[in-house]
> 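This is the structure I have questions about; it appears just below.
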There are 2 protein chains.
Amino acid sequence: MPSRPHPAFDVYAQNCPTRMVLNRIGDKWALLILDCLRDGSARFSVIRRKIGGISQKVLSQVLKNLERDGLVLRTVHATVPVAVEYSLTSLGETLTQAVASLTHWAEQHMEEVQEAQLRYDGKRIDG
Amino acid sequence: MPSRPHPAFDVYAQNCPTRMVLNRIGDKWALLILDCLRDGSARFSVIRRKIGGISQKVLSQVLKNLERDGLVLRTVHATVPVAVEYSLTSLGETLTQAVASLTHWAEQHMEEVQEAQLRYDGKRIDG
DNA sequence: GAAACTAGGTTTCAATACGAAACCTGGTCT
DNA sequence: AGACCAGGTTTCGTATTGAAACCTAGTTTC
């Protein structure tokens, strides 16, 4: 049964807890953050600088949620000033392939998407 | 160059158009809809019933965006009453594997996530 | 001939999430 | 004392969301 690995959970069901998880990982910022941590740990401000346009608030919020869900590990180093290091847990690493596929898809197929958009918008303007 | 397939696009850059695309496909509803169309075309109300909790407004909105981006094909059949059929384009089909990986991940690892949440919440309450 | 039902939406409006900017903490350097 | 760093949190105005109602156009039911 390849498409129904666990009979108790169904992401199509409105009240299934998997919905919350999908909500977490099916998010622009979460995908970028997880992808960012794919090749090792990174500190808060490094992630912030790497992901253009993310605000501190959103970054800390999403990281906190990912930590709660067991995908990301937060390690505080008692240096001065304090350094906080984020990395993927082993659970988080099971997601990296899927996450990378999605983010890479955008880069690989951008031109086709842009052509489709032009076609769509043209149709609407011309009538 | 496996991790940088197209030098012109970088999903980490704030103003890169890939960001808009990631915003589209990195979305709870879009992922469910794309996954829903994975094994064939479906009509509006069929999708609506299959995905518990989605509203008509959101469904039509997301479908419209996916159509504009060339991922989904909308076909109107002049029957009575009119039947509208949605299906994946060939571009959309290149995404199915990644999408399925994400949605299935949630079903497969839900228990580990729940354990992590309990651990996290317990830590905060106890100490 | 008028309710009621179908499919496929759109509109409305209140609630929620979001993002930019400011602020905070606690320590160092000048 | 004043400025700076890391790693956040708070504030507040705006954008997005979702539930519910409505719409169009045709069909069957009474």
Side-chain angles (χ1 to χ4, degrees), chain A residues 12-16 19-33 36-37 41-69 72-87 120 123-124, chain B residues 12-16 19-33 36-37 41-69 72-87 120 123-124:
Chain A
Y12 284 103
Q14 183 168 8
N15 298 320
C16 185
R19 268 293 177 79
M20 290 183 206
V21 176
L22 189 63
N23 214 6
R24 283 282 143 71
I25 63 182
D27 170 71
K28 177 174 73 174
W29 297 126
L31 288 170
L32 283 173
I33 291 170
C36 200
L37 295 175
S41 65
R43 291 174 59 175
F44 187 87
S45 44
V46 170
I47 304 175
R48 181 159 138 71
R49 274 190 291 271
K50 187 165 178 185
I51 302 178
I54 195 169
S55 71
Q56 286 186 303
K57 175 190 163 189
V58 168
L59 179 55
S60 79
Q61 225 168 49
V62 177
L63 281 171
K64 212 179 289 179
N65 285 333
L66 293 175
E67 190 197 356
R68 181 166 114 93
D69 287 352
V72 158
L73 182 67
R74 181 177 185 269
T75 312
V76 180
H77 297 281
T79 56
V80 123
V82 73
V84 182
E85 191 188 334
Y86 292 93
S87 57
Y120 184 91
K123 257 194 297 191
R124 291 184 56 86
Chain B
Y12 284 101
Q14 182 167 9
N15 298 321
C16 185
R19 271 291 179 79
M20 289 185 207
V21 176
L22 189 63
N23 215 3
R24 284 281 143 74
I25 63 180
D27 170 71
K28 177 174 74 174
W29 297 127
L31 289 170
L32 283 174
I33 292 170
C36 199
L37 295 175
S41 65
R43 291 173 61 174
F44 187 86
S45 43
V46 171
I47 304 175
R48 181 158 137 72
R49 274 188 291 269
K50 187 165 178 185
I51 301 178
I54 196 168
S55 71
Q56 286 186 305
K57 176 190 164 190
V58 168
L59 179 55
S60 80
Q61 228 168 46
V62 176
L63 280 171
K64 212 179 287 178
N65 285 333
L66 292 175
E67 189 197 356
R68 176 169 185 267
D69 288 351
V72 158
L73 182 68
R74 181 177 185 269
T75 313
V76 181
H77 297 280
T79 56
V80 124
V82 73
V84 182
E85 190 187 332
Y86 292 92
S87 57
Y120 184 91
K123 256 194 299 193
R124 290 183 58 84

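Keep in mind that what you see is a predicted model, and the values were worked out from it rather than measured. Below, read A as the first sequence line, B as the second, and so on, with proteins coming before strands; counting in each chain starts at 1.
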> With a 4.0 Å cut-off on heavy atoms, is A/Arg48 in touch with a base, just the backbone sugar-phosphate, or nothing at all?
nothing
> Taking OP1 and OP2 of C/dG19, is either one under 4.0 Å from a side-chain nitrogen or oxygen of A/Trp29?
yes
> For the side chain of B/Arg19 and the backbone of A/Lys28, is there at least one donor-acceptor N/O pair under 3.5 Å apart?
no
> Expressed in angstrom and rounded to an integer, what is the separation of A/Lys28 atom NZ from C/dA17 atom P?
16 Å
> Tell me the interatomic distance from B/Tyr86, atom OH, to C/dG9, atom P, rounded to whole angstroms.
4 Å
> For the side chain of A/Val82, counting heavy atoms from C-beta on, which of C/dA20, D/dG7, C/dG8 is nearest?
D/dG7
> Considering the options A/Ile47, A/Leu32, A/Leu59, which one meets the side chain to side chain contact (heavy atoms under 4.5 Å, CB included) requirement together with A/Ile54?
A/Leu59
> Tell me the closest heavy-atom pair linking A/Lys50 and A/Cys36, and the distance in Å.
CD-SG, 3.4 Å
> Specify the separation, in whole Å, of atom CD of B/Gln56 and atom C1' of D/dT24.
13 Å
> Specify the separation, in whole Å, of atom CZ of A/Arg74 and atom P of D/dG7.
9 Å
> Any chance the side chains of A/Glu85 and A/Thr75 put a donor and an acceptor closer than 3.5 Å?
no
> If each of A/Gln14 and A/Ala83 is mapped to the nucleotide of DNA chain D with the nearest heavy atom, which maps nearer the 5' terminus, i.e. the 5' end?
A/Ala83
> Could you check which of C/dG8, C/dA7, D/dA19 has an atom nearest any side-chain atom of B/Arg49?
C/dA7
> Whole angstrom is fine here: how far is it from NZ in B/Lys57 over to P in C/dA14?
13 Å
> Ignoring backbone atoms, test whether B/Ser60 places a side-chain nitrogen or oxygen under 4.0 Å from the OP1 or OP2 oxygen of C/dT10.
yes
> C/dC18, C/dG19, C/dC13: which one has an atom nearest the side-chain heavy atoms of A/Val58?
C/dG19
> Between P on D/dC5 and CZ on A/Phe44, what's the gap in Å once rounded to a whole number?
16 Å
> If you check the A/Pro81 side chain, which of C/dG8, D/dA6, C/dT12 turns out closest?
D/dA6
> Using only side-chain N and O atoms of B/Ser45, determine if any of them is under 4.0 Å from OP1 or OP2 of C/dG8.
yes
> In whole angstrom, give the distance that lies between atom CG of B/Leu32 and atom C1' of D/dG18.
16 Å
> Please state how far atom CD in B/Gln61 lies from atom P in C/dT10, giving the value in whole angstrom units.
9 Å
> Do you know which two heavy atoms are closest between A/Arg24 and A/Ala30, and how far apart they sit?
O-CB, 3.1 Å
